[in-house]
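Only this structure's heavy atoms are used, side chains among them; waters, hydrogens and symmetry mates stay out. Everything numeric here is computed off the predicted structure, so don't read it as measured data.
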Amino acid sequence: MSDPVRVRFAPSPTGHLHIGGARTAIYNWAFARRHGGTFVLRIDDTDAERSTPENTAAILSALRWLGLDWDEGPEADGGHGPYFQTQRAASYARALERLKTADAVYPCFCSAEELTASREAARATGTFAGYPRSCRAIDADAATTRIASGEPHTWRLKVPEGRGDVVFEDAVRGTSTFAADVLDDYIVIRSDGTPTYNFATVVDDAEMEITHIIRGDDHLSNTPRQILAYEALGAPLPTFAHLSMIWGPDGKRLSKRHGAANVEDYRDAGYLPEALVNYLALLGWSLDDKTTIIDAPTLVANFSLDRVSKNPAVFDAEKLEWMNGVYLRDMTAEEFVDRMAPVLSDAGLLAEEDAPERREWLCELAPLVSERVKRLDEIAPMVTFLFADTVTIDEAARAKVIEKEGADVALEAIANVLEALDDFTPEAVETALRSVPEATGVKPKLVFQAARVAVSGSTVSLPLFESLALLGKERSVARVRDAIGENHT
RNA sequence: GGCCCGUUAGUCUAGCGGUGAGGACGCCGCCCUCUCAAGGCGGAGAUCACGGGUUCGAAUCCCGUACGGGCUACCA
């Protein structure tokens with residue numbers, strides 16, 4: 001049996017949870033759950049300028065909303081903490097000491113200006129633009145003296161003499177090779193003593209015993225230098241798996257320029273977490289050649305890195321919307337009411353505390369709404385007429401239906417026939433309304449549309465008979481009567 | 001500039017040497033129908049980026065080219 005799987009998602013709190021980050025988190029989570037492993041959440045907040053506690057909180061809440069629970073991380077200690085890089089200075093210092101004694105690192109006194117200049121020069125000649133290793137030649141005693149005198153310096157990782165090409169097996173892309181001569185003596189500790197990203201991640205991943213690093217494609221080129229750090233530290237190498245990017249429709253990295261790019265944007269727009277997880281899971285991974293609706297348990301039972309595709313995927317908002325509709329429609333009335341109640345409350349249609357006593361009524365409404373809505377935020381406009389005392393008839397609808405020849409006659413008959421009903425069920429209402437065309441000689445289409453406009457204010461609404469039943473006899477009849485004579489105004 | 005990665009319909013994908021290149025979103029049409037949806041049925045849409053190989057046979061293997069993306073920071 002192999003070592004227990006430990007994976008991590010390590011967002012940088014420089015913004016909220018991005019769609020791309022969410023997919024990375026989903027894959028890590030699914031992989032951990034699939035293998036009975038541990039999902040670690042680590043906050044890579046070493047960018048002091050842009051990291052904020054608010055962003056961290058937003059990321060945690062977005063992950064929770066998606067249902068991606070972590071076994072170790074903020075608010076879930078697992079013995080490998082702390083889980084904020086800014087609290088791990090001791091680890092980095094310890095790692096640096098280890099590298100010093102192993103002679104795997106050396107101080108560099110070059111100024112930022114010098115480095116930029118040499119880089120530009122190298123780039124202009126078309127050769128390797130890495131650090132020329134100037135300070136590597138400074139002997140240890142001289143270096144110690146200069147450090148003691150307070151001269152600013154960084155620490156660079158020494159690419160071992162005679163190190164061959166760096167070759168590793170990427171779980172999604174296969175063998176990756178980086179030639180030895182492009183390996184760079186990169187900076188691991190900045191002049192202010194803080195670690196650079198490439199070093200901090202390796203130290204943390206090693207200490208946290210991460211076995212599989214599943215992350216974005218943008219880190220692929222960083223992998224060889226990280227591998228060098230693992231080797232210098234004497235730590236076992238994890239398996240790497242690089243995910244391709246998620247693009248906007250223009251083939252550029254998905255960003256706010258393309259519209260909603262954060263998980264919470266979708267939450268606020270009325271998307272369900274289960275639909276977003278399903279959609280994102282499929283953006284770069286597939287179960288087989290035909291399955292598209294995959295719930296979380298199914299994802300967990302089937303997720304594997306070898307079915308992750310190598311090519312970038314364009315985020316298709318329309319498909320997500322369709323999928324959200326599928327989840328909405330698949331809900332039971334009870335489930336749908338649970339999602340609908342907060343929406344009604346926010347829209348000021350039905351107070352949260354009044355919802356329980358009208359639960360039965362809401363459950364009757366639910367199936368009518370759920371099958372014609374793709375997002376939760378479409379609900380309120382659709383059902384407002386059922387909650388309001390009166391309804392304002394849409395101008396176009398009035399002109400098109402109420403002012404039609406015969407509409408008044410039909411409305412009169414509708415009101416009478418409804419009024420006569422004892423049992424105001426959809427079936428009874430339907431039977432009653434269906435008798436109107438014959439009795440009045442008005443075409444059925446007009447009869448139904450007139451009733452619809454009178455009651456809902458629009459030519460497009462939830463199904464008529466059910467709507468009337470939901471509205472109740474009194475209000476239904478009143479609205480139909482109110483509509484009569486509207487064409488004389 | 002250098003290095004790395006990618007390329008199957010508008011989009012997401014299946015495919016892993018022999019298929020009529022399969023599915024999904026979107027689009028179009030028909031059916032159902034009290035409107036709108038949903039649902040059912042059908043359709044259009046892919047010279048598998050291009051050019052060379054290897055092979056009896058290539059979307060699948062190899063090499064180039066083009067295009068796109070990433071990295072190349074004392075950002076992550």
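Within the 4.0 angstrom heavy-atom criterion, only backbone atoms of the sugar-phosphate kind lie near A/Arg307; the bases stay farther away. Nucleic acid contact class of A/Lys290 (heavy atoms, under 4.0 Å, all strands): sugar-phosphate only. Nucleic acid contact for A/Glu378: none, since no nucleic acid atom lies under 4.0 Å from a heavy atom of the residue.
In the interface, the side chain of A/Arg452 is paired with the base of B/C34 through a donor and an acceptor atom under 3.5 Å apart. Interface remark: the A/Ser176 side chain does not form any donor-acceptor pair with the B/C4 base, using a distance-only criterion of under 3.5 Å.
The side chain of A/Asp289 approaches B/A14 more closely than any other nucleotide in the set B/A14, B/U35, B/G26. Taking every side-chain heavy atom of A/Arg434 into account, B/C34 is the closest of B/A76, B/C34, B/G26.
Between A/Lys310 atom NZ and B/C4 atom P the separation is 17 Å, expressed in whole Å.
The shortest distance between the side-chain N/O atoms of A/Arg119 and the OP1/OP2 oxygens of B/C74 is below 4.0 Å. In this model, the phosphate group of B/A14 is approached by a side-chain N or O of A/Ser286 to a distance below 4.0 Å at OP1 or OP2. Using a 4.0 Å cut-off, some side-chain N or O of A/Lys445 falls inside it from OP1 or OP2 of B/U35.
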What N/O pairs connect the protein and nucleotides 46-48 of chain B at under 3.5 Å? Give each pair on its own line.
none

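Taking atom C1' on both B/C3 and B/C61, the two are 25 Å apart, rounded to the nearest angstrom. Look at the P atom in both B/C71 and B/U47: the space between them is 32 Å, to the nearest Å. Taking the C1' atoms as reference points, B/C30 lies 15 Å from B/A44, given to the whole Å.
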